[in-house]
Each structure stands twice: as structure tokens, then as C-alpha cells.
Chemist: 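Take this structure first; my questions come after.
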Amino acid sequence: MVGDTIAAVATAIGEGGIGIVRVSGPDAKEVIQKVFLPRYGSSVDSWTSHTLHLGHVVHPDDGHVIDEVLCAWMAGPHSFTTEDVVEFHCHGGSVPVRETLNAVLRAGVRLAEPGEFARRAFLGGRLDLAQAEAIIGIIRSKTRDGLGAAVSQLEGQLSRRISKVRNEILAVLAHLEALIDFPEEDLPDITPERLSKDVQAIFMEIQRLLNRSQTGRVLQEGWRTVIAGRPNVGKSSLLNALLDEQRAIVTDIPGTTRDAIEEFIEIGGIPLRLVDTAGIRETEDLVEKIGVEKTREYMEKADLVLYVLDGSDELSNDDEELLRSLQERPSVVLVNKSDLAIRRLDEQQLRAVIGDKLIIYMSAKEGWGLEELAVQIRRLVYKDEAGNSLSIMDPTESRLDLITQARHREALERAQSHIRSVQSGLEMALSPDFLTIDLKAAWEALGEIIGETVGEDILDKIFSSFCIGK
Ligand code: GDP
């Protein structure tokens with residue numbers, strides 16, 4: 001239990017089916033007694049935990065009825081915060097919700113800070129820090145896969161992995177300390193070879209987690225994607241086909257889609273933040289070169305490039321130049337207008353420029369080729385940094401211990417660099433005392449991820465990014 005009792009509106013403000021006022025802390029029961037009149041008369045003392053009760057919220061000063069509500073009672077420690085929690089499920093309008101909150105505050109509790117409920121869940125030991133952060137990941141997830149990654153983090157998948165590595169570090173520490181304590185003794189289990197093998201295993205485990213951080217970041221934040229290509233090849237049509245609604249104006253005149261449209265779409269479970277480069281092209285007779293340079297600039301800033309060609313037209317010099325600049329970056333070459341009988345695009349010439357990059361034949365007009373594009377984008381995302389595919393390509397299987405947060409990645413990198421120091425220390429046969437310093441530092445860095453070794457300042461920073469009521 002952490003001090004006082006707090007309250008806040010837990011649902012989004014505005015009109016909805018219901019709006020919830022949430023209360024947590026030692027006085028939660030007292031709040032019910034002061035502001036809730038149950039329809040069927042029973043007192044809160046006789047309520048079983050985790051039950052719902054119909055009744056009215058009334059103002060504690062004069063008893064006037066504010067709203068008819070359902071009151072949910074969840075006794076600690078088996079509640080979200082581990083404290084006594086009550087929720088008033090009001091009618092979902094800003095006034096009933098606001099007036100209910102006012103009544104609750106009037107009953108003597110304090111307005112919660114942003115993220116304070118989740119913080120109490122963390123302090124109460126109900127969630128570790130990575131799990132608490134997963135709540136925000138769930139709320140802000142943009143696609144099915146992003147949600148899957150956040151939910152598995154909430155379930156503790158990542159935390160278990162981190163704890164496992166920390167335990168392995170502790171085991172090595174114990175061995176080193178045995179060497180320090182009994183320097184004269186021959187400890188057959190603790191050879192330098194064995195130690196380096198264990199340390200190498202720890203290093204690799206951290207590396208495996210880091211390898212997945214790119215994928216995690218994409219699922220969380222979306223991939224900044226540029227649809228590039230010469231005017232009139234069908235970029236806007238592709239965008240529209242992807243958006244499935246007409247957001248860009250498609251015309252027969254080259255370069256008439258003017259505005260750079262940034263849209264957010266989901267394709268194959270992957271969130272893409274689309275920038276339509278059709279929009280950066282000026283109309284008619286502006287020098288072609290400006291367009292090419294601008295396009296390249298955009299392409300360089302993007303995480304993913306979808307380069308569109310018109311299959312009924314030849315490859316131009318601009319195309320060659322832009323395609324060459326794609327090199328190793330994640331990109332897909334799309335040959336559009338493949339529904340047309342005329343095929344002027346020379347595939348051999350294209351191959352010579354793009355090497356073994358995948359080509360997808362498609363028709364934005366008729367809407368085919370998009371599924372293959374989705375599969376290919378998933379392939380590009382579900383890859384570790386060495387380019388190996390991660391196991392889950394199946395869209396229904398998105399539960400992965402991915403690193404979705406920059407904070408976690410940074411802590412892993414720090415832990416790994418300490419482990420690297422331990423490795424070089426072992427090679428130089430440094431005294432065990434030196435090695436333990438770095439091992440402990442690595443153990444602590446990993447502890448920051450799950451919140452075992454973090455200061456108040458970091459907690460403040462994390463929980464203040466939550467919304468009020470969470
Ligand atoms: P952008 O300038 O690259 O954005 O090209 P648009 O999307 O505006 O398309 C230019 C023209 O090509 C329009 O008349 C489209 O209807 C046509 N178009 C786009 N995609 C296809 C396709 O897959 N097949 C055919 N036959 N026409 C297409």
C-alpha cells in the first residue's frame with residue numbers, strides 16, 4: 001500500500017457508451033460509502049471482491065443524484081494497483097463523468113498524477129517496469145503485430161528473458177567470487193575456459209535481444225515509407241489501393257498529385273507511415289532533375305522505399321539512378337500496370353541495376369500484387385540485424401519477445417559493452433576483482449529494464465508519459 005487514495009477519469013473524454021472514474025487506495029471503501037447509494041441496499045462491507053453493483057452516485061455534501069452507475073469493487077491485493085480499487089461506470093458523457101469525479105474528490109481523495117495507477121501497480125509488485133511500459137505499448141499500438149508484441153511484454157515474456165540473463169550473470173559472479181575467496185584452492189569447475197564460455201553465452205543472449213529491437217521499433221513506431229517513382233507510374237494509385245480509399249487525387253496528367261500526403265496504414269500487420277513522393281513533384285515543365293534529387297532526398301530519409309515502375313514503359317535514366325541509390329536499404333521494386341498487354345520494361349536491364357532485389361508485378365488499378373507486397377514487407381521487418389529471418393512470419397503468430405522501447409535497447413547495449421569488457425579482461429587474465437565490477441554493472445543495466453535497479457527520476461519520466469487515469 002502506498003499512502004493516500006487517488007482518483008481520476010480512466011476513459012477518454014467525450015461522448016461514449018460509458019465513462020469510468022477510477023479510485024485506488026486505502027480509502028476506496030470509504031469513498032463508496034460516501035458517494036454511492038446501491039439500488040439493492042447492501043453495504044459495501046458485505047460485498048465480495050470483484051463484483052458489480054447498480055446504484056446512484058450522489059454528491060457527498062447534499063446527497064443530490066449525479067448519475068446512475070455500476071460500481072465495481074476490487075479489494076486489494078488482487079487488483080490492478082494491488083490496493084483497494086473502486087470504479088464508477090457512469091454514462092459516457094463529459095458532464096456525468098466530471099461530476100462523478102468531483103463527488104469522489106469531495107469525499108476526500110486526491111486527483112491522480114499521470115500514470116499513477118500503473119506506478120502503484122509497479123510499486124506494489126504487481127507488474128515489473130517492462131510490463132508497466134507494455135501497458136502504454138498496448139494503448140498506443142498501431143497494428144495487430146504491435147499489439148501482439150506489447151501484450152507478450154505485459155505477460156512478462158521479455159522480463160523472463162532479462163531475468164534469465166541476469167541469473168546467468170549472477171552464476172558467473174558467484175564463480176569469480178569463489179576464486180577471490182579461495183585463491184589458493186584448485187576449483188576444478190571454474191576454469192578460465194568455462195568462464196569465457198559462460199560469458200560468451202551471456203553476450204550472445206543479449207545480442208539476440210538486440211537483434212530484435214529493429215523489428216520491435218518498427219512495430220511500435222511504424223516504418224517511414226516512401227513511394228517513389230517517376231510521374232504517372234501509378235504511385236498515387238498504389239497509395240489509394242493501400243489506403244483503400246481515395247485520399248490522393250489520381251489524374252491522367254503527370255505530377256498533378258501535389259500535396260505530400262503523410263498517411264498511416266497497416267499492411268500485413270506492419271504499420272507504415274507513408275509519404276507520397278508524388279506530392280513533391282511540381283507540375284509540368286519544372287526541370288526533371290529537381291524532381292530526381294528531391295526524390296532521392298526523401299528516399300534517403302525513409303526506412304522503407306517502395307519504388308514503382310510502369311511496366312508498359314521503358315526504364316529511364318532517372319529510374320536507373322534512383323534504383324542504384326537504393327542499394328542495401330529495405331526496399332521493394334514494384335512493376336505496376338502489369339495488367340496492360342504492352343510490356344516495354346526490360347527485365348534484364350532492370351536486373352542489371354537492382355541485382356537480386358525482389359520484383360513484384362502488380363496492378364494498382366486492378367488491385368493485385370498487394371498481398372505479395374504485404375508478405376515481402378513482413379519479411380523485411382521480421383529480420384534480425386544480421387539479416388536472418390525471425391521465426392514468426394505467420395501473421396497469426398505475433399507473440400515475440402521484441403525490444404520495442406529505446407530505453408530497453410539502450411540498457412541492453414550498456415550491459416553488452418560491460419560484458420565485452422569482461423571478455424577482454426578474461427583474455428588478459430585480469431584479476432577476478434576487476435571482472436566482477438563489469439559483471440555487476442551489466443547485471444544492474446539489465447535490472448533497469450525490469451525496474452529492479454532504477455532511480456525515482458527514471459520512474460518519474462516513464463510514468464509521466466502515461467495518461468491520467470492509467
Ligand atoms: P503517379 O503520378 O505516379 O501518382 O500516378 P497515378 O497514380 O496518378 O496514375 C497515373 C495514371 O496511371 C492514372 O491514369 C492511373 O489510372 C493509371 N494507372 C495507375 N495504376 C495503374 C495500373 O495498375 N494499371 C493501369 N492500366 N493503369 C494504371
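Each ligand, and each atom within it, is numbered from 1 in the order the structure gives.
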Chemist: With a 4.0 Å cut-off, would you call E116 and R110 a salt bridge?
Modeler: yes
Chemist: Heavy-atom contact check, 4.0 Å cutoff: does G229 meet ligand 1?
Modeler: no
Chemist: May I ask you to say whether R120 pairs ionically with D4, meaning some side-chain N is under 4.0 Å from a carboxylate O?
Modeler: yes
Chemist: Output yes when the distance from some N or O of ligand 1 to some N or O of P231 is under 3.5 Å, and no in every other case.
Modeler: no
Chemist: To which of G234, S363, A364 does the heavy atom nearest atom 5 (O) of ligand 1 belong?
Modeler: G234
Chemist: Any idea which atoms of ligand 1 are less than 4.0 Å away from a heavy-atom of S237?
Modeler: 6 (P), 7 (O), 9 (O), 15 (C), 19 (C), 20 (N)
Chemist: Could R119 and E113 be called an ion pair, given the rule that one side-chain N must be under 4.0 Å from one carboxylate O?
Modeler: no
Chemist: Have a look at ligand 1 and work out which part of S236, if any, has a heavy atom under 4.0 Å from it: side chain, backbone, both or neither.
Modeler: both
Chemist: If you draw the axis of the six-membered ring of F117, does the NZ or CZ of R22 fall within 45° of it and under 6.0 Å from the ring centre?
Modeler: yes
Chemist: With sequence neighbours left out, write down each residue that passes ring-ring contact (aromatic ring centres under 6.0 Å, His included) with H418, or none if nothing qualifies.
Modeler: none
Chemist: Between R420 and D438, is there a salt bridge with N-O shorter than 4.0 Å?
Modeler: no
Chemist: If you measure from each non-hydrogen atom of V233 to ligand 1, which part falls under 4.0 Å: side chain, backbone, both or neither?
Modeler: both
Chemist: So which bit of N232 gets within less than 4.0 Å of ligand 1, heavy atoms only: side chain, backbone, both or neither?
Modeler: both
Chemist: Can you check whether M299 reaches L322 side chain to side chain, under 4.5 Å on heavy atoms?
Modeler: yes
Chemist: For D339, counting its heavy atoms only, list the atoms of ligand 1 lying under 4.0 Å from any of them.
Modeler: 22 (C), 23 (O), 24 (N), 25 (C), 26 (N)
Chemist: Check each atom of ligand 1 against the heavy atoms of K235 and keep those under 4.0 Å away; list them by number with element.
Modeler: 1 (P), 2 (O), 3 (O), 4 (O), 5 (O), 7 (O)
Chemist: Out of all atoms in ligand 1, which are within 4.0 Å of some heavy atom of L340? Include the element for each.
Modeler: 26 (N)
